[in-house]
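Heads up, the thing below is written out as structure tokens.
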Amino acid sequence: MTHPFQKRSPSSDDLMAVYNRLNAAHGPLHWWPGESAFEISIGAILAQNTAWRNVTATLRNLRSAGIWSIQAIHRTPLERLAETIRPSGYFNTKARKLKEFAAFITGQFGGDLDACLALPGHQLRPRLLTVWGIGEETADDVVLYAAGQPSFVIDAYTRRIVDRLGWRTSGNRYADYQALFHERLPHDAALFNQYHALLVRHGARTCRPKPLCERCPLLDICPTGPNPAEG
DNA sequence: TACCAGGTGACTG
DNA sequence: CAGTCACATGGT
């Protein structure tokens with residue numbers, strides 16, 4: 001049991017300094033990996049707590065099975081859908097989630113995904129949250145990466161990096177972490193897109209569960225340091 | 001071999 | 001409201 005460092009509320013400049021460091025290290029990342037709004041939306045569901053590698057295999061399966069539209073998901077039997085998405089893990093649960101999403105778009109937007117995504121973000125997000133299987137992160141993935149509207153995505157990487165940087169949040173909920181970014185950054189979709197992409201890259205390659213601090217571009221401004229007190 | 005990966009909903013005290 | 005659990009495949 002070592003001393004935990006004192007957390008503090010970061011400034012806008014602190015957030016931009018981290019962004020600029022990571023951006024200099026990695027350059028533009030062109031997120032989300034996926035071409036269409038459809039691919040991005042179902043990819044967001046399939047990626048829940050799952051390695052992205054497994055999602056790409058699943059997207060290939062769906063495409064080659066001809067299950068590549070809201071309508072196709074809507075009419076495909078649950079069991080067949082589940083079998084097709086097996087590589088993404090939680091395949092029974094996720095098959096239901098895909099069906100719920102397709103039923104939502106079909107029932108409330110006549111099957112027109114683009115019509116749904118055309119809603120302003122402050123209306124789109126709560127509508128998405130009514131769908132069984134779409135939680136806050138998945139909703140924000142769709143709002144930011146499929147609809148192109150600024151809603152900052154909070155995932156496990158983001159939480160870990162924020163915690164290690166010693167950035168204090170008002171609580172431990174999704175909204176508390178999101179507020180940290182929303183209150184300090186201009187609400188710009190391109191900025192939110194690239195910032196989150198950088199956090200994912202940094203969290204996956206460097207700020208791992210066992211951090212590789214010797215290669216970290218944030219080392220001199222990170223209180224956790226090369227010998228993390230609490231992991 | 002455990003652990004981890006771009007979470008969510010159900011349930012409990 | 002905060003904590004715990006099930007859900008599941010594939011890579012290291």
Side-chain angles (χ1 to χ4, degrees), chain A residues 18-19 22 26 28-35 37 39-62 65 78-104 125-147 151-164 169-181 189 192-212 228 230-231:
Chain A
V18 164
Y19 175 83
L22 295 176
H26 299 292
L29 297 177
H30 306 298
W31 260 42
W32 175 289
E35 296 122 31
E39 183 173 357
I40 293 168
S41 302
I42 64 171
I45 292 172
L46 294 170
Q48 289 172 4
N49 201 40
T50 298
W52 183 256
R53 173 188 297 275
N54 294 0
V55 177
T56 59
T58 299
L59 292 172
R60 276 200 305 276
N61 281 359
L62 284 168
L78 183 65
E79 294 72 22
R80 172 165 155 70
L81 187 59
E83 204 50 45
T84 307
I85 68 169
R86 179 180 280 273
S88 72
Y90 308 129
F91 55 89
N92 289 310
T93 305
K94 286 176 179 175
R96 180 183 166 196
K97 291 178 178 182
L98 292 178
K99 297 285 282 182
E100 298 269 358
F101 180 61
F104 166 75
R125 189 178 194 276
R127 292 288 287 279
L128 290 169
L129 289 174
T130 67
V131 181
W132 189 91
I134 296 186
E136 296 195 274
E137 183 188 338
T138 306
D140 284 329
D141 285 334
V142 173
V143 172
L144 180 60
Y145 292 106
S151 197
F152 206 95
V153 176
I154 304 300
D155 61 6
Y157 290 137
T158 306
R159 289 174 181 261
R160 184 164 73 218
I161 294 167
V162 165
D163 292 346
R164 285 187 176 154
T169 54
S170 54
N172 220 30
R173 305 186 310 279
Y174 187 99
D176 300 320
Y177 282 80
Q178 189 174 49
L180 183 76
F181 293 90
F192 285 10
N193 180 323
Q194 173 69 0
Y195 205 148
H196 181 250
L198 289 167
L199 291 172
V200 170
R201 173 69 65 94
H202 184 62
R205 295 191 180 179
T206 304
C207 201
R208 299 168 61 84
K210 295 174 75 72
L212 306 177
E230 311 290 288

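Lettering of chains follows the sequences in order, A, B, ..., and the numbering in each one begins at 1. Since the model is a prediction, treat every value here as computed from it, not as a measurement.
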Next item on the list: Would you mind classifying the nucleic acid contact of A:R201 as base, sugar-phosphate or nothing, using non-hydrogen atoms under 4.0 angstrom?
Entry: nothing
Next item on the list: Indicate for each nucleotide in nucleotides 8-13 of chain B, in 5' to 3' sequence, whether protein heavy atoms under 4.0 Å reach the base (B), only the sugar-phosphate (S), or nothing (-).
Entry: SSS---
Next item on the list: Look at the side chain of A:D176 and the backbone N and O of A:R173, then say whether any donor-acceptor pair between them is shorter than 3.5 Å.
Entry: yes
Next item on the list: Let me know the distance between OH of A:Y177 and P of B:dG7, rounded to the nearest Å.
Entry: 14 Å
Check: Are any of A:R160's side-chain N or O atoms less than 4.0 Å away from OP1 or OP2 of B:dC4?
Finding: no
Margin query: Does any part of the side chain of A:L46, heavy atoms only, come nearer than 4.5 Å to the side chain of A:N54, both counted from C-beta?
Written below: no
Next item on the list: Classify the side-chain pair A:N61/A:T84 by whether it contains a donor and acceptor separated by less than 3.5 Å.
Entry: no
Next item on the list: Identify the two heavy atoms, one from A:R125 and one from A:E136, that lie closest to each other, and give their separation to 0.1 Å.
Entry: NH2-OE2, 3.3 Å
Next item on the list: Would you give a per-nucleotide map of nucleotides 6-12 of chain C, 5' to 3', where B means the base has a protein non-hydrogen atom under 4.0 Å away, S means only the sugar-phosphate does, and - means neither?
Entry: -BBBSS-
Check: Roughly how far apart are A:I154 CD1 and A:L180 CG, rounded to 0.5 Å?
Finding: 7.5 Å
Check: Does a donor on one side chain and an acceptor on the other come within less than 3.5 Å for A:K97 and A:T138?
Finding: no
Check: Any side-chain heavy atom of A:F181 within less than 4.5 Å of one from A:V162?
Finding: yes
Margin query: If I take atom NZ in residue A:K210 and atom P in nucleotide B:dA2, what distance separates them, rounded to the nearest angstrom?
Written below: 17 Å
Note to self: Rounding to an integer number of angstrom, what distance separates B:dA10 and C:dA8 when you compare their P atoms?
What the structure shows: 15 Å
Note to self: In whole Å, I'd like the distance from the CG atom of A:D155 to the P atom of B:dA5.
What the structure shows: 10 Å
Next item on the list: Evaluate the side-chain proximity of A:V143 to A:F192: yes if any heavy-atom separation is below 4.5 Å, no if none is.
Entry: no
Next item on the list: Identify, with sequence neighbours excluded, every residue that meets side-chain contact (heavy atoms from CB on, under 4.5 Å) alongside A:D155.
Entry: A:E137, A:Y157, A:T158, A:H196, A:V200
Notebook entry, point to check: B:dC3 and C:dC5: how far apart are their P atoms, nearest whole angstrom?
Noted result: 15 Å
Checklist line | Integer-rounded Å distance: B:dG7 C1' and A:D141 CG | finding: 10 Å
